[in-house]
Amino acid sequence: MSAKTVLISGGGVAGPALAHFLSRHGFVPTVVERAPAPRFQGFRIELSAQGLTVLDRMGLHERVQAVSGAPPDATIAYADGPEVNIPSWAEGGRAIARDRLCSLLHEEGARAAEYLFDDSVTAVHEDDEGVLVHFENREPRRFDLVVGADGLHSNVRGLLFGTTTEDHAHFLGTNLAIFTVDNHTGRENSTRFHVWPYRGSAVTTFPGNTDLEGMFLFRSMRPVDAQGMDQDDIKDFVERVHSDLGGHVPDLLRNMHGTRVHLAPSQQIKMQDWHRGRVVLLGDAAHCPDPMTGMGSVLALLGAMALAGELARHDGDHLRAFAAYREAMRPHVDAAQKVGPLSTGFAAPRTGRAGIRVRSAVMRASLAALRISGKEGSGAGDPFGAPPEFPFDRYTP
């Protein structure tokens, strides 16, 4: 095996999953994480059947089932229109809190890899023998390969391609404000959308129904820049944008002031190539599909399994393995990124009230057709289509 030691930058979803699969294939992974300790905060994740298959192959089936739940059905309240009830399209999927998923993955990653907390990569210098990696708080070390699994604002991507996030980011025309509060509503296993022209909001229960996720989406010509805004600034801004709306919005705004709000533009990372030399990108660092797609974590899990599997299949020949990894993942990335404009357009339409009424009528007619055919709730009506096939058996050690 020509490549053996692998540095993984990022300890979220993709990094620990990759460490697990690399170790099973005989590689020696090391994970570097900027945070001083494991970070388990985050929001709700919907895992597709494919994402669950990766976790099953990691031996996590029972533990994932114990801390997750079925994806909720949804109710959509359109402006000036009747409510529409939508069954979950995610046949065979599960909803899980991000902190619970990351905790499980960290346990697996810590078994497989050395962890370097409170540090980050500052430079990479490649030669014929490997990569000399410089760290912010440690002495330089050599590795055979380096993987950037460090998210949307990937530090490794910046070092690799000499560019900023904005050079690869594609703004989808909406901005997302999201937060978690205690479930004070009594709702269980549900998502409730309110949709207006150019704006939308949603309330979703977490598995177990102890928490609620509140979400606001709103359109703008340019992405909102939350840098330099403190929490008071963010909350005041979100309230100004949505204070004239009804439905569940007044209750959401009141509860928003008692918790931390994440505000960011809806954007995707699009790159033709994900590697240079011995350094490769994984997960959101390579191809963030946007949080509204619900597919970022699934792509991270699939990518981790594929990258480790291709390195094993090509006996550590990184150039052949990286090319094969990209070929295996590209159909899944393209399919997920096509969902981005559809999902943001669904929740915050780029249309006036007349267009909203048309959308409501089309949605009701489509669901009526599914009920007549007996396929409602079967996943057959998934507006985003079936995902591409993934070669799980090829990559299972």
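For Asp182, the CG atom is loosely surrounded, since the number of other residues' heavy atoms within 6.0 Å does not exceed 12. Around atom CD of Glu327, no more than 12 heavy atoms belonging to other residues, nucleotides or ligands sit under 6.0 Å away. In this structure, Arg260 places its CZ atom where only 12 or fewer heavy-atom neighbours from other residues, nucleotides or ligands lie under 6.0 Å away.
Each of Val156 and Leu132 belongs to its own hydrophobic cluster when Ile, Leu, Val, Met, Phe, Trp and Tyr are linked at side-chain heavy-atom distances under 4.5 angstrom. Leu217 and Leu172 fall into different hydrophobic clusters, where Ile, Leu, Val, Met, Phe, Trp and Tyr are joined by side-chain heavy atoms under 4.5 Å apart, directly or via other members. Connection of Val67 to Leu55 is established within a shared hydrophobic cluster, with ILVMFWY side chains joined at heavy-atom distances below 4.5 Å, either directly or through further cluster members. Following chains of ILVMFWY side-chain contacts shorter than 4.5 Å, one can reach Leu52 starting from Leu18, so the two form part of one hydrophobic cluster.
Using a cut-off of 4.0 Å between Lys/Arg side-chain N and Asp/Glu carboxylate O, Asp119 and Arg138 are scored as salt-bridged. Taking the charged nitrogens against the carboxylate oxygens, Glu310 and Arg394 do have a contact shorter than 4.0 Å, which makes a salt bridge. Using a 4.0 Å cut-off between charged nitrogen and carboxylate oxygen, Lys338 and Asp334 do not count as a salt-bridge pair. Taking 4.0 Å as the cut-off between side-chain N and carboxylate O, Asp393 and Arg57 count as a salt-bridged pair. For Glu139 and Arg141, the salt-bridge test fails: no basic side-chain N is under 4.0 Å from an acidic carboxylate O. Glu46 and Arg94 are not joined by a salt bridge, as no carboxylate oxygen comes within less than 4.0 angstrom of a charged side-chain nitrogen. Using a 4.0 Å cut-off between a side-chain N of Lys or Arg and a carboxylate O of Asp or Glu, Arg142 and Glu129 do not qualify as a salt bridge. A salt bridge does not link Lys235 with Asp230: none of the charged nitrogens is closer than 4.0 Å to a carboxylate oxygen.
Side chain of Ser23 to main chain of Ala19: no donor-acceptor pair is present (N/O by atom type, distance under 3.5 Å, no hydrogens or angles). Under the 3.5 Å distance criterion, the side-chain polar atoms of Arg326 are matched with a main-chain donor or acceptor of Gln272. Counting only distance, with no hydrogens or angles, the side chain of Gln268 and the backbone of His170 share no donor-acceptor pair below 3.5 Å. Judged by distance alone, with hydrogens and angles left aside, the side-chain atoms of Glu213 form no donor-acceptor pair with the main-chain N or O of Phe179 at under 3.5 Å. Side-chain atoms of Thr293 never come within 3.5 Å of backbone atoms of Gly340 as a donor-acceptor pair (strictly under, hydrogens ignored). With hydrogens and angles disregarded, no donor-acceptor distance shorter than 3.5 Å links the side chain of Arg34 to the backbone of Asp150. Asp144 places no side-chain N or O within donor-acceptor distance of the main-chain N or O of Val6, the cut-off being under 3.5 Å.
Distance check: Met292 CE to Ile178 CD1 gives 9.0 Å after rounding to the nearest 0.5 Å. To the nearest 0.5 Å, atom CE of residue Met271 and atom CG of residue Leu281 are 5.5 Å apart. Distance check, rounded to the nearest 0.5 Å: NZ of Lys4 to CG of Leu311 gives 12.0 Å. Put simply, NE2 on His20 and CD on Glu108 are 6.0 Å apart, with the number rounded to the nearest 0.5 Å. Separating the CG atom in Asp315 from the NE2 atom in His25 is a distance of 12.5 Å, to the nearest 0.5 Å. Interatomic distance, Leu252 CG to Ser201 OG, rounded to the nearest 0.5 Å: 6.0 Å.
Annotation: His242 is in aromatic contact with Phe218 [ring centroid separation under 6.0 Å]. Phe206 and Phe43 have their aromatic ring centers separated by at least 6.0 angstrom. Here His318 and His275 keep their ring centres 6.0 angstrom or further from each other. Taking the six-membered ring for Trp, Trp274 and Tyr325 have ring centres closer than 6.0 Å. Phe346 and Phe193 have their aromatic ring centers within a separation under 6.0 angstrom. A centroid separation of less than 6.0 Å is found between the aromatic rings of His106 and Tyr115.
Glu136 and Ser120 share a side-chain donor-acceptor pair at under 3.5 Å. A side-chain N or O of Asn175 and one of Ser220 form a donor-acceptor pair less than 3.5 Å apart. Of the N and O atoms on the side chains of His257 and Glu239, at least one donor lies less than 3.5 Å from an acceptor on the other residue.
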Go through it in stages, so that I can follow the logic: the residues are Arg276 and Glu126, the test is salt bridge (charged side-chain N to carboxylate O under 4.0 Å, His left out), and I'd like the CA-CA distance, side-chain angles, deciding distance and then a yes or no.
CA-CA 10 Å; Arg276 284 191 177 173; Glu126 181 179 341; over 6 Å; no
Does Thr75 form a side chain to side chain donor-acceptor pair (under 3.5 Å) with Asn85? I'd like the steps, not just the answer.
CA-CA 4 Å; Thr75 299; Asn85 295 316; 3.0 Å; yes
Go through the steps for Thr205 and Asn183 under the test side chain to side chain donor-acceptor pair (under 3.5 Å), then give the verdict.
CA-CA 7 Å; Thr205 59; Asn183 185 356; 5.6 Å; no
Candidate pair Leu263 and Phe237, rule side-chain contact (heavy atoms from CB on, under 4.5 Å), full reasoning:
CA-CA 10 Å; Leu263 174 65; Phe237 174 77; 4.1 Å; yes
Candidate pair Tyr395 and Phe390, rule ring-ring contact (aromatic ring centres under 6.0 Å, His included), full reasoning
CA-CA 10 Å; Tyr395 300 134; Phe390 186 81; 5.8 Å; yes
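Between Asn255 and His184 the shortest side-chain heavy-atom distance falls below 4.5 Å.
When all heavy atoms are compared, the tightest approach of Ala336 to Leu299 is CB-CD1, 3.8 Å.
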